[in-house]
Amino acid sequence: MKKLVALLLAGVVSAPFAFSAVTAYAPPVGGMSFNIAGGSVAGPVTTSFSIPLLDAPQASGMTRGRIASLTATTVTVTGAGWTPSALANVAFPYALRMTSGSAAGYTFSITANTTDTLTISGGNPTQLGIVTGGSGDSFRLIPVDTLNSLFGSNTFLGGDSPASADTVILSNTSQLSYYYNTTLSRWVRTTGPTTDRGNTAIPLDTVISVVRKSGAFVLRFAGAIPMERFNLLVPNAGSKYTHTGFPMDVTLGALSMQTALQGWVSAPLAANADTLSVVSGASLLTYFHNGTNWQRTTGPATNRDAVVIPAGTAIMLFKRGAASGSALLLRNRPY
Amino acid sequence: MKNLIKILTIAASIAGTSSFAQVQLQDFSAVVDSNYTVFSGTWEASVTTADSAAPNSSFSQGVGSYSFAASNATDNALSKVEFFFSSPANILTNTFLAVTAQGLAGYTATSFAVTLVDTGGQTAAATFLISGFPTGSFTTQYSQLTFGGSFNPTAIDSMFITGNIPGGSSTFGVSFDNISAVASASAVPEPATYALIAGVLMLGVMVVRRRAHQRSV
C-alpha cells in the first residue's frame, strides 16, 4: 500500500553493482506532503488533494510482463504464477496498468484472478488496440489503496457520528463521504447504514477531501512516480474529479486540457464551454478555454494560461451536454 | 507636554497594538457590481444559472453593510460570492483576516470561509464561526490565513466568501460590514474608535492649553 509515513525517503538510494553485467532500473521513489488545515466541529476546514504516486506490488507472481491473450473482460499472462484471488482481495486490491503500446497508461481494476488470468473492469481491452503475444504490449500490477490501508483508524479525528469526526470525501465521477466511527471501530458512510466501509478502494486518480474538525497536521506519502503517460477515461457528460497525472506542477496552458481530453469543447462563452475547476478547499476555481487561452468562468476575461496547478492538486473536469460514453484523457510523461 | 504625551499614550492604548497596516478588502457599501461581483450556487438569483452578477433576491444592500439572508441560501461550499479587484490587491505582510459582521436571526449555518485568490490562481483561506458574530450588532473576528501553494500576497485577484460545508444545507444568514487583511488577531480600530481617539486627543489638547493658560496668568 502507498506509504503514509512520518519521514520520507526522497529519491532512490542507488548503489553501484560492480559484479553485475545487467543494469536494473527502478522508477524513482518520491514523497508528497499535504498540509491539512485545522478546523473545529463548528467550523470545519476542508483540504483536498490527490496522490499521483504508485505503490510497489507485494503479491506473489509476476508483477510485470506481456499480455498473451485477452477478451473483453479478461487478460491472460503466460506463466504469471499468481495466487488465485490474491489480486482481487477487497482488503488489498490491485489494478493492471498498461505500460506500452497504444493503451499505455490505461488502468483496469482487477475483480478476480486465477494463476494466469485476470478478470478486469473499467474498460474493454479488445477496443484499445492492445497487441498480444510474446512481443506484445506490456503491463504492470499496482496495489490500490483502501480507507483502511491508507488512513487506518487514527490518521484523522474519529467520532461516534459524522458531526463530531473528520470526514473524508472520495471524489471521482461521484462523491461519497466517510468517517471513522470510534464506537464501531470501523470506517462508515456519513449517511445510511453503518456498514463497514474500510475496504472502500481509493482508485489511483481519486480526489481526497478531508473535512477537518481538529488541529492542523501534515500528511506525507511516499511512492513511485508514474513512468507511463496519464491515460484516463473521462465521461462525455458530467463531472470527473482527478489530478493532473504526475507529481509535478503544471500551468493551465501547459496542461492543455483542450487537446489532452478528446472532445473537449472550447467556446468564447463559459456557458457553452467545458470547464476545468481547480479544487480549493471545499470550493472550486473554474476555468474554460475560450478558443485561444484559458480564463476564469467569472470575472474579467484575463488570460489564465500561466495559472500554476501545484502537484497533487485536485481538479474537476466538467463536460457539458448529454453525450453518452467516455473519452480518453492522454497526457505524456513530463519527465 | 508631559500631559500631552500621557494623553497620546492613552489614545494609542485605545487603538490597541495594531500596526495600522491593515488592508481593507471589502467595505460592503456597494456589493452588486456586474463587472466585479459574481454570485454562485444558492447565493445567486437562480440556482439553475451557472454563476451570475445577480444575487439571491432576498439578499439586501444596507448602509455600508450587506445581508446574506434568505431561506434558500445555504452553507454549501459551492455557494459563494466572489469579488474581483479592479487591479491586484496587496495585503502586504498581513496574515490574518478581520471580518466585521453580525449573524442574522434564523440562521443555522455554523461557519463560513473567506478565500483570497492571487493572479496565479493560488489561494489563501480563513474560516470564521458565525457564533462569533452575535445578532444585533456588528462584531469583528479574526482568523489566520492558511496559505496554499505559492500564494502571492502582493497580487490578489479576487476574494470570495463561501459556505463552508461540502454539500451543506444549513440556512446561511450573515450581514457583513467589513473584511480587511491585518497583521495579527488584535484590535483593529473601527471608525467609531478613531472618533473616540480624536475626541480624547482634542480633550487632552484643551486640558493642556487650559493649564498652560492658567500658569501664564
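Only this structure's heavy atoms are used, side chains among them; waters, hydrogens and symmetry mates stay out. Chain letters run A, B, ... following the sequence lines, proteins first and then strands; every chain starts at 1.
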If you count heavy-atom pairs under 4.5 Å between each of A:Thr302, A:Thr286, A:Asn35, A:Leu284 and chain B, which one has the most?
-> A:Leu284
Answer key: most heavy-atom pairs under 4.5 Å with chain B among A:Ala270, A:Ser209, A:Pro300 is A:Pro300
Checking A:Ala271 against chain B: side chain, backbone, both or neither under 4.5 Å from a heavy atom?
-> neither
Could you tell me which non-hydrogen atom of A:Ser40 sits nearest to which non-hydrogen atom of B:Leu129, and how far apart they are?
-> OG-CD2, 4.0 Å
Counting heavy-atom pairs under 4.5 Å to chain A, which of B:Asn164, B:Leu78, B:Thr115, B:Thr119 comes out on top?
-> B:Asn164
Please flag which part of B:Ser158 lies under 4.5 Å from any non-hydrogen atom of chain A: side chain, backbone, both or neither.
-> side chain
Using a 4.5 Å cut-off on heavy atoms from C-beta on, say whether the side chain of B:Val117 contacts that of A:Leu285.
-> yes
Interface moiety of B:Ile130 toward chain A, non-hydrogen atoms closer than 4.5 Å = neither
Side chain B:Gln122, main chain A:Val308, donor-acceptor under 3.5 Å = yes
Tightest non-hydrogen contact, residues A:Ser283 and B:Phe160, listed as OG-CE1, 3.8 Å
Top contributor to chain A contacts, counting heavy-atom pairs under 4.5 Å, from B:Ala77, B:Gly163, B:Ser40 | B:Ala77
Check each atom of A:Thr297 against the heavy atoms of chain B and say whether the ones under 4.5 Å are side chain, backbone, both or neither.
-> side chain
Which is it for B:Thr123 and A:Ser280 under the side-chain hydrogen bond (donor to acceptor under 3.5 Å, both in side chains) test, yes or no, and what are the steps along the way?
-> CA-CA 7 Å; B:Thr123 59; A:Ser280 172; 3.2 Å; yes
Side chain, backbone, both or neither: which part of A:Ile169 has a non-hydrogen atom closer than 4.5 Å to chain B?
-> side chain
Sort out for me which of A:Ala42, A:Gly281, A:Ser177, A:Gly38 touches chain B most, counting heavy-atom pairs under 4.5 Å.
-> A:Ala42
Side chain, backbone, both or neither of B:Phe83 within contact of chain A (heavy atoms, under 4.5 Å) | neither
Check: B:Phe84 and A:Thr298 side chains under 4.5 Å, non-hydrogen atoms | yes
Side-chain heavy atoms of A:Pro44 within contact of B:Ser111, under 4.5 Å = yes
Take A:Arg296 and B:Asp51, measure what salt bridge (Lys or Arg N to Asp or Glu O under 4.0 Å) needs, and give me the verdict at the end.
-> CA-CA 11 Å; A:Arg296 287 284 306 274; B:Asp51 306 336; over 6 Å; no
Which region of B:Asn76, side chain (C-beta onward) or backbone (N, CA, C, O), has a non-hydrogen atom less than 4.5 Å from a non-hydrogen atom of chain A, or is it both or neither?
-> neither
